[in-house]
There are 2 protein chains.
Amino acid sequence: MATNDEHPASLVLAVSTVIFALRPSTRTGKMSLHIPVVRRIREPYEGLWALPGGPLGMQEDLGESARRHLLSTTHLDPTYLEQLYAFGDRDRSRTNGIARGDRVVSIVYWALVRSGPGAVEYSGIVRPADEVVPGDDNVVWIDADELPELAFDHTEIVAYALWRLRTKLEYSRIAHSFLGEMFTLAQLREVHEAVLRRELDPANFRRMIEATGSVEPTGTLLQGTPHRPPKLYRYVENPAESTPGQTPHPTPATKERS
Amino acid sequence: MATNDEHPASLVLAVSTVIFALRPSTRTGKMSLHIPVVRRIREPYEGLWALPGGPLGMQEDLGESARRHLLSTTHLDPTYLEQLYAFGDRDRSRTNGIARGDRVVSIVYWALVRSGPGAVEYSGIVRPADEVVPGDDNVVWIDADELPELAFDHTEIVAYALWRLRTKLEYSRIAHSFLGEMFTLAQLREVHEAVLRRELDPANFRRMIEATGSVEPTGTLLQGTPHRPPKLYRYVENPAESTPGQTPHPTPATKERS
DNA sequence: GCAAAAGTGTTATTCTTACACCCATGA
DNA sequence: TCATGGGTGTAAGAATAACACTTTTGC
């Protein structure tokens, strides 16, 4: 077997992102979490799929770097972006004890982007989330729960990001980031159901959401449905009249857009 | 005003740690959270207090690096160690727009160490947690809720670590990390009360702890108390008979040392 | 016996959860 | 009018919290 004493010459600091969007599963047809992966065109792990990312620019913040790589590979602007973890163990790019290139410390972010019927406004142009770079089949969206073999330790990274998203969805109010400016409670519930992979009681879901004070009715109704038109809601940033004992948690650098 | 266009020449990757111990407050006498800080002996921020840390070694994992710096400054071995956040914004070592040295990306950990009457076993020698390096007054333990001015962005980092510890204590089972191998429920409750800064009902606390299945009676009693001798408990790693639906959360690289 | 902490029991309250039921619309 | 999802009501069960009470020791 290969020796463990090979010393990488240099240390590279990279930023990668696990980008989540909701798309219909090609197997079941139900909405499920998908992530974009990029085909590696050089060693190590040439040919395998990897998370979008790249080296940190000297003049950019960590979150900026994540957003830049995200934009360049998916042409999307994230509605939610949060740091996940810094992966930097000495042998994380080794396979069977064989060193694969320089030592890389990856600061990984996770992001949510809009998808499906609710389209994305990006630099004035409305783009659907499933539009990949034209003519570029080096980026594909895959079901986050049915991953192929990924490069480096990216399989574990995605598993951790999935766990984080699912955990956070239950105590936080981030589901709206998958949707557009206005949405019905049924759409919001559909997001929760797709992420958590279980059905939720519509009545209790409504009360749970209303209790958080995270949404407010816009006053308009969604027309064109086959049945009773549902109210349209919008997300409210700071629910002032909510529970007084709420934690103003000093989470660093968590950014939301619209 | 200073220009924002100064380009740092190089990028340094460092590892720092917020180390928590419980010690009696010099003001109130009650147990409260304390952290060790190191006096900076060079620019930038010379003379100010800073978190223990230093550059990442090419041959060590991130957690290893945190543990190494922790040991060299406090002579303690942490009973709990977890990554907190990677701080790497471009201007995090600027003051009033003035650049202070090279750009540093800090991967920050937080740790718990034993203290007080429960001493620490380290390389066979029992040391109390309040023993600093002999003759070294460049390390002091300060109350985490009464910080002086710290170097860099370390004030915000400590605030975030404090929030993280207090949040995690309520849904996790880490309080025992402040104590020795065996402890009474009153001691465990004292830890919770000191960290959360509020009194807890002994009866409900007992039931809450028992419900988690995280401790078990050792069969021995603590003698020498002025009143009824309490049972001594020990921490159990994997409460197998606990709730079946527990999440096997894939948190990366969280290490505990009994 | 008395004081004080260890430990148990009991009840009120709030939070979930399940599900029955009414409402409003298109076809 | 009927089918269907939107939306409201209600009650059982579980988790939380407050506190009375019994137990066991040192003094």
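In what follows, every chain begins at residue 1, and chains take the letters A, B, ... in the order their sequences are listed. Only heavy atoms go into these numbers, but all of them, side chains included; no hydrogens, no water, no symmetry mates.
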Tell me which residues in residues 192-208 of chain B lie within less than 4.0 Å of DNA chain C, going by non-hydrogen atoms.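 Those residues whose heavy atoms fall under 4.0 Å from DNA chain C, taken from residues 192-208 of chain B in numerical order, are B:Ala203, B:Arg206, B:Arg207.
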Modelled atom types, side-chain donor and acceptor of B:Arg67 and B:Tyr109, under 3.5 Å: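 Result is no, nothing qualifies.
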Counterpart residues, side chain to side chain contact (heavy atoms under 4.5 Å, CB included), relative to B:Arg197 (two or more places apart):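 B:Arg197 satisfies side chain to side chain contact (heavy atoms under 4.5 Å, CB included) with B:Asp145, B:Arg166 once adjacent residues are dropped.
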Main-chain N/O of [Y] paired with [X] side-chain donor or acceptor, under 3.5 Å:
X: B:Arg114; Y: B:Leu179; result: yes
X: B:Thr218; Y: B:Thr220; result: yes
X: B:His154; Y: B:Leu51; result: yes

Going from OG1 on B:Thr212 to OH on B:Tyr171, what distance comes out if it is rounded to the nearest 0.5 angstrom?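 Separation between the atoms: 15.0 Å.
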Qualifying ring pair (Phe, Tyr, Trp, His ring centres under 6.0 Å) pairs, either residue in residues 183-234 of chain A, two or more places apart: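 Output for this query lists A:His192-A:Phe205.
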Output yes when B:Asp143 and B:Arg23 qualify as a salt bridge under the 4.0 Å nitrogen-oxygen rule, no when they do not.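 Answer for the salt bridge query: no.
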Between A:Arg234 and A:Glu216, is the closest basic N to carboxylate O distance under 4.0 Å?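 Here A:Glu216 pairs with A:Arg234 in a salt bridge, since their nearest N and O are under 4.0 Å apart.
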One pair to check against salt bridge (charged side-chain N to carboxylate O under 4.0 Å, His left out): A:Asp201 and A:Arg206. What are the steps and the verdict? CA-CA 9 Å; A:Asp201 184 297; A:Arg206 163 181 299 273; over 6 Å; no
Pick the closest DNA chain C nucleotide for A:Leu221 and for B:Ala186 by heavy atoms, then say which residue is nearer the 5' end.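 Nearest-nucleotide comparison on DNA chain C picks B:Ala186.
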Nucleotide interval of DNA chain D bounded by contacts with chain A (heavy-atom cut-off, under 4.0 Å):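 The contacted stretch runs from D:dA3 to D:dT10.
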Within the 4.0 Å heavy-atom criterion, would you say B:Thr184 contacts the bases, only the backbone, or no part of the nucleic acid?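 Since no nucleic acid heavy atom lies under 4.0 Å of B:Thr184, the category is nothing.
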Sequence neighbours excluded - salt bridge (Lys or Arg N to Asp or Glu O under 4.0 Å) pairs with any residue from residues 26-38 of chain A: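 Listed once each, the pairs are A:Arg27-A:Glu146.
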Judged by each residue's nearest nucleotide on DNA chain D, which is more toward the 5′ side, A:Pro229 or B:Gln223?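 It is A:Pro229 whose nearest nucleotide is closer to the 5' end.
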Between atom CG in B:Leu222 and atom C1' in C:dG7, what is the gap in whole Å?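 Between C1' of C:dG7 and CG of B:Leu222: 15 Å.
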Interatomic distance where CD belongs to A:Glu170 and C1' belongs to C:dT16 [whole Å]: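 It works out to 13 Å between those atoms.
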Pairs under 3.5 angstrom, nitrogen or oxygen only, protein versus nucleotides 1-4 of chain C, please.
| from | atom 1 | to | atom 2 | distance (Å) |
| --- | --- | --- | --- | --- |
| C:dA4 | O4' | B:His227 | NE2 | 3.2 |

